[in-house]
Amino acid sequence: MPQAREYYDALIIGAGFSGIHQLHHLRKLGLTAKIIEAGSDLGGTWYWNTYPGARVDSELPIYQFSDPELWKDFTFSEKFPGWQEIQKYFQYVDKKLGIKQDVIFNSRVASAAWDDSDDQWAVTTEDGRVFHSQFLLLCTGIGSKAYIPNFKGLETFKGEMHHTSRWPKEYNFEGKRVGVIGTGATGVQVIQTIASEVRHLTVFQRTPNLCLPMRQRQISKEEHDKKKEDLYPILFNRRNQTFAGFLHDFDAKLTLDATPEERAIFFEDKWEKGGFHLWLGTYIDLFTDEKASDETYAFWRKKTLERISHLPTELQEKLAPVKPPHPFGTKRPSLEQSYLEVYGRPNVTLVDVSESPIEEVTPNGIKTADGVEHPLDVLVLATGFDMVTGGITSIDIRGQDGIPIKEKWNTEGVRSYLGLAAATYPNMFWIYGPQSPSSFSNGPSSLELTSEWILDMIKYMKENNISSAVPTEGAQHAYSELVNQLGQTGLWFKAKSWYLGCNVEGKRVQMLQFPGGIPAYAKLCNDSANKGYDGFDLK
Ligand code: N01
């Protein structure tokens, strides 16, 4: 007997912050919806990234849902919570909202195809289940597809090997020689956490991380409670008014308009505050004027050298070189707690692979171009992700013309309308993805903004009997050009960063996120909505 078609008004891919937000509010609109999730629990990035030391770089209270029903009864214990506590938060959210009952776990979506004849998506999972829906919501996050460089001999390594986003539940590094490739946000966290546990740690660094002090601290329930009633609503509102959805914002002054004394006081204040204050809370021209960036770098280097003045000069130069490796902040700085001190430990070696690249992975370790073989029992790949686009392009998504989105983006570059939809892919929206503020912003701030906008549009469609909506080629072209132009006005292209796709071999280099800040982005979205969703073909 033929099986009944499994149909929902909306299918959501991914059970992280964005997917949960969509599901909860779609149900409130009276729509049927399911999340399809590759993992076996909620959390998205926080389900997968359980490597030692994984914690968020956005401070409380803004790294959570803004719904008072959710924040009123949950208390995080640290200013920058770790993955264990964030996982608990997701369980709490589930208890409050009953999310899991509408999640299909352990199912990875392989493909999605649009059918113009019935205005529906057919979504197929890797294990062959087929679902149909009117709407398709891609909530795949910016870092869901791990990236492992094509190191010669990688498969020959005889020890344990882990990419940080596929961390084993059980591990024990005691007495082991561990190598970490990568000093991005992930590498910094792993390195500072495991250095004291392992027999020897070899860090393979290609670019120094211009990391900033986290200034972590415990926050008591009483402290939270005092702020919740009066302050939290104001703080959550403030998230939509700043460039990056944080509580701090750029200072309107230009770096060189400040006197050296003013600058010294200003920078010192940002440094003492910690977190991203010296990055996304500094003078407004950090990303547009190289001299401003040099001034910021000089301050960063002075403060960093104070911490590592006891190390050999050559090592100091590798961690905080005289010449900036890139304009300050054009690669994402990490927040660290004890990262720099690690290099003073007798069991830690830094190998500069910008000087001597990794030539091959051998059965016993890593051989660098200078002929040295570094013996290892464990290899940690903190080599990042096919950022921003990888979650979407790893699904075979075909729209009205049958062309996979991956193929289109490879040949034409990433193109979208408002960083949430693409021409020829009707009723498909993504959240916290390409050409939205995504990785230039605090996750929950920008994903709630986009998610709410999409929900409003779906509501509008339902109320007006519109069965499909697709961006016009013209609107997509104009928006994508704007993103590209804004990207060119900054210093971004002076760095080889994942913001531009430079980290993945063969990936097209372009500005992958909207670099104009959340308020400007929100205005573009609202302008379209206020004109009856201008830029979309509605039918
Ligand atoms: O990845 P990355 P990540 N040989 O791409 C190195 C978010 N996140 O996982 O800089 C040698 O930044 C590469 O070197 P280089 C956050 O948005 C957030 O660390 O390209 N080295 C780099 O050092 C973050 O930015 C949090 O020269 C090679 C590293 O691998 C994003 O995810 C925590 C190499 C990759 O760094 C990605 O961070 C973690 C090669 N062939 C992640 N190839 C928090 O909120 C690559 N590398 C705390």
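Just follow the structure's listing: the first ligand is 1, and inside any ligand the first atom is 1.
In this structure, the protein non-hydrogen atom closest to atom 16 (C) of ligand 1 is R332 NE, 3.4 Å. Looking from atom 42 (C) of ligand 1 to the surrounding protein, the closest heavy atom is T186 OG1, 3.5 Å. Closest to atom 31 (C) of ligand 1 among all protein heavy atoms lies M387 CE, 3.6 Å. Of the protein's non-hydrogen atoms, G184 CA, 3.7 Å is the one closest to atom 36 (O) of ligand 1. Closest protein heavy atom to atom 45 (O) of ligand 1: D57 N, 3.1 Å.
With hydrogens and angles left out, the side-chain atoms of S436 and Q513 include no donor and acceptor closer than 3.5 Å. In this model, no donor atom of one side chain and acceptor atom of the other lie less than 3.5 Å apart for Q22 and H24. Using modelled atom types, one finds a donor on one side chain and an acceptor on the other under 3.5 Å when comparing E448 with S66. Under the 3.5 Å distance criterion, with hydrogens and angles disregarded, a donor-acceptor pair is assigned to the side chains of D41 and Q91.
Backbone and side-chain nitrogen or oxygen atoms of Q189 are examined, and none is located within less than 3.5 angstrom of a nitrogen or oxygen of ligand 1. Polar contact with ligand 1: absent for T383 (N/O pair, distance under 3.5 Å). At least one N or O atom of T207 sits closer than 3.5 Å to an N or O atom of ligand 1. For a threshold of 3.5 Å applied to N or O pairs, the pair formed by A185 and ligand 1 contains at least one separation below that value.
Looking at K176, K158, R177 one by one, the single match for salt bridge (charged side-chain N to carboxylate O under 4.0 Å, His left out) with D377 turns out to be R177.
Side chains of Q337 and R55 form a contact here, defined as non-hydrogen atoms less than 4.5 Å apart. A heavy-atom distance below 4.5 Å is not found between the side chains of L319 and P208. In this structure the side chain of V190 reaches within 4.5 angstrom of the side chain of T164, judged on heavy atoms. In this structure the side chain of P324 reaches within 4.5 angstrom of the side chain of D294, judged on heavy atoms. Taking 4.5 Å as the limit, every side-chain heavy atom of F440 sits out of range of all side-chain heavy atoms of F514. Counting only heavy atoms from C-beta outward, the side chains of F76 and I219 never approach each other to under 4.5 Å.
Close approach of ligand 1 to V353 (heavy-atom distance below 4.0 Å) involves ligand atoms 11 (C). Using a 4.0 Å cut-off to heavy atoms of I181, the atoms of ligand 1 that qualify are 11 (C), 21 (N). Under a 4.0 Å criterion applied to the non-hydrogen atoms of G182, ligand 1 contributes the atoms 6 (C), 23 (O), 29 (C), 30 (O).
In this structure a side-chain-to-backbone donor-acceptor pair under 3.5 Å is missing from W430 to C139.
Using a 4.0 Å cutoff on heavy atoms, K496 does not count as a contact of ligand 1.
Remark: atom 7 (C) of ligand 1 lies closer than 4.0 Å to no protein heavy atom.
Between atom 41 (N) of ligand 1 and the options F204, F385, F151, Y63, the minimum heavy-atom separation is to F151. The nearest non-hydrogen atom to atom 10 (O) of ligand 1, considering only R55, R206, K331, comes from K331. Nearest residue to atom 12 (O) of ligand 1 from Y499, F440, W498 is W498 (criterion: closest heavy atom). Closest to atom 29 (C) of ligand 1 by heavy atom, among A382, G187, A495, G384, is A382.
Of the heavy atoms in P149, only side-chain atoms (C-beta onward) come closer than 4.0 Å to ligand 1. By the criterion of a heavy-atom distance under 4.0 Å, both the backbone and the side chain of T183 are placed next to ligand 1. Counting heavy atoms under 4.0 Å from ligand 1, residue Y51 touches it through the side chain alone.
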Inset, instruction - Start with the C-alpha gap between T368 and D370, add the side-chain angles, then the distance that decides, and say whether side-chain hydrogen bond (donor to acceptor under 3.5 Å, both in side chains) holds. - result: CA-CA 6 Å; T368 39; D370 52 9; 2.7 Å; yes
